[in-house]
Amino acid sequence: AEQKFDVVVVGSGGAGFSAAITAKNAGANVVIIEKMPTVGGNSLITGGQMNVPGNWVQKKMGIEDSIDQFVKDTLKGGDYLGDPEMVQILAEQSLPAAQWLRDYIKVDFYKDQLFQFGGHSVKRALIPKNHTGAEWISKFMAKADELQIPIHTRTTAKALIQDQSGRVIGVEAEKNGKTITYLAKDGVILATGGFGANVEMRTKYVPELDSRYGTTNARGIQGDGIKMAEKLHAKTHNMESIQTYPVCHVDSGVIALIGDSRFFGAMLVNKEGNRFVEELERRDVISRAILSQTNQQAYLLWGNEIEQIADVVSIHKDEFNELNRKGQMFKANSIEELADKFGIDKAQLMAQVERMNGFAKQGKDTQFNHRGKLQTIMQPPFYMLVAKPSVHHTMGGLVTNTKAQVLDVNDKIIPGLFAAGEVTGMTHGSNRLGGNAITDVTVFGRIAGKQAANN
Ligand code: ADP
């Protein structure tokens, strides 16, 4: 079977939707193909916070910020391996992208709250309703529906098709064992995400990240777009930079959003009841430290003082219920009870909590030098979660230019081929700062859509 479009978008995460909707509005006949039965990819399961310097909530809260400061933070956070020109575009285009999400896509952002992730000098991340990517993916779906953009699910892109001149003219895909050829008059946009769920591919670049690590990624995130483009001699960059996330569900590997209590002073201990790392260390450092504890797991503990500020159990009610049902998180009126539930050394744990409370009162952690503001863990109810690290984000990927065109190993444009989102490797350097992925996929998804439609 053969189908003809102007623009073919591969992947239905934030980058794919941003690209497809923009291309459609620029007059192109667009299709999205998605290999999974449902849309959204990793973009559906993220917390969804989006960094935007100079955003409207900052103005309301009186927070000073600038494009320059965001660029500095992002480059520094990635050990200066990100591309300065692309990071500049990311910063400059973030506000128009966020306004487009708010006003046109109708994403509901909280009006008077912002998030500040590690590495950012000020609070600058907009928070979508319910703190999850489901808010923007569901709004994207509604808009795609309104614009009559077809979304072909269970359809896996297998290879890019080139004409004799080397121009990309379509995609060969497979659905239910049958081959479908999607011809793209103006261009193909790869928005297939990274390769965090592909153990073989990630250990090729970082042998340490074997199956001891789970992954926070959706199942479909296997590096397909990178592999398809590499067959056309596309260039990749920074593939060794793979980020782990320390606090994830021990069975499924998904990120424990409820574990955001850590940013508000929750304490990480091992089975012996002792702290073993600073709770706000870099993600990779905490991850390695957890894997060297008994059973390669850690326990996150907090009480009512922290919950009052962090509010994580009420925001993530469903997650609590799921974890509780599976025996991976409990709420109790005493810390001893929690220690019993998880088989943690009780005497040690109580001694450690008492020590931590002393640090909170003195405002100084002489054990691990916690950089945040500590709270005591004295008031019930208490909460404890068992966690382990997962592979989270692959910073490396395809090399693209400012028009989201994919470059080959000789730095020449591959005509007809565009890419945006985690499949690319331009902005995050060695380490993606929290809240920068949503900005990246929206900004460059929009650029890819516009460029492909006008190609
Ligand atoms: P981004 O954040 O960059 O938008 P996501 O992970 O949110 O990336 O989305 C990528 C989407 O691409 C996922 O829904 C994934 O299932 C889909 N995908 C990956 N490989 C293919 C492929 N070969 N064909 C079609 N869809 C794919």
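Below, each value reflects all heavy atoms present in this structure, side chains not excepted, and no hydrogens, waters or symmetry copies. Atoms within each ligand, like the ligands themselves, are counted from 1 in listed order. The structure presented is a predicted model; accordingly, all values stated were derived computationally and were not measured.
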Please output the side-chain donor-acceptor pairs of residues 100-109 that fall under 3.5 Å, not counting sequence neighbours, one pair per line with the distance.
residue, atom, partner, partner atom, Å
Tyr104, OH, Asn25, OD1, 3.4
Tyr104, OH, Asn25, ND2, 3.0
Lys106, NZ, Asp103, O, 2.9

Side chains of [X] and [Y]: is there a donor and an acceptor less than 3.5 Å apart?
X: Glu319; Y: His249; answer: yes
X: Thr74; Y: Asn436; answer: yes
X: Asp73; Y: Ser121; answer: yes

Applying side-chain contact (heavy atoms from CB on, under 4.5 Å), name anything that partners Asn295, two or more places apart in sequence or on another chain.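 Partners of Asn295 by the side-chain contact (heavy atoms from CB on, under 4.5 Å) criterion, ordered by chain and then number, come out as Lys271, Gln297.
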Check each N or O atom of ligand 1 against all protein N or O atoms and list the pairs under 3.5 Å, with atom names and distances to 0.1 Å, one per line.
residue, atom, partner, partner atom, Å
ligand 1, 2 (O), Ser43, OG, 3.1
ligand 1, 3 (O), Glu422, N, 2.8
ligand 1, 4 (O), Gly14, N, 3.2
ligand 1, 4 (O), Ala15, N, 2.9
ligand 1, 6 (O), Asn42, N, 3.0
ligand 1, 7 (O), Gly40, O, 3.4
ligand 1, 7 (O), Asn42, N, 3.2
ligand 1, 7 (O), Ser43, N, 2.9
ligand 1, 7 (O), Ser43, OG, 2.6
ligand 1, 14 (O), Glu34, OE1, 2.6
ligand 1, 14 (O), Glu34, OE2, 3.2
ligand 1, 14 (O), Gly41, N, 3.3
ligand 1, 16 (O), Glu34, OE2, 2.6
ligand 1, 20 (N), Asp224, OD2, 3.4
ligand 1, 23 (N), Ala157, O, 3.1
ligand 1, 23 (N), Asp224, OD2, 2.8
ligand 1, 24 (N), Ala157, N, 2.9
ligand 1, 26 (N), Lys35, N, 3.1

Hey, could you give me each pair passing side chain to side chain donor-acceptor pair (under 3.5 Å) that has a residue in residues 182-191? Not counting sequence neighbours.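 Only His152-Tyr182 qualify under side chain to side chain donor-acceptor pair (under 3.5 Å).
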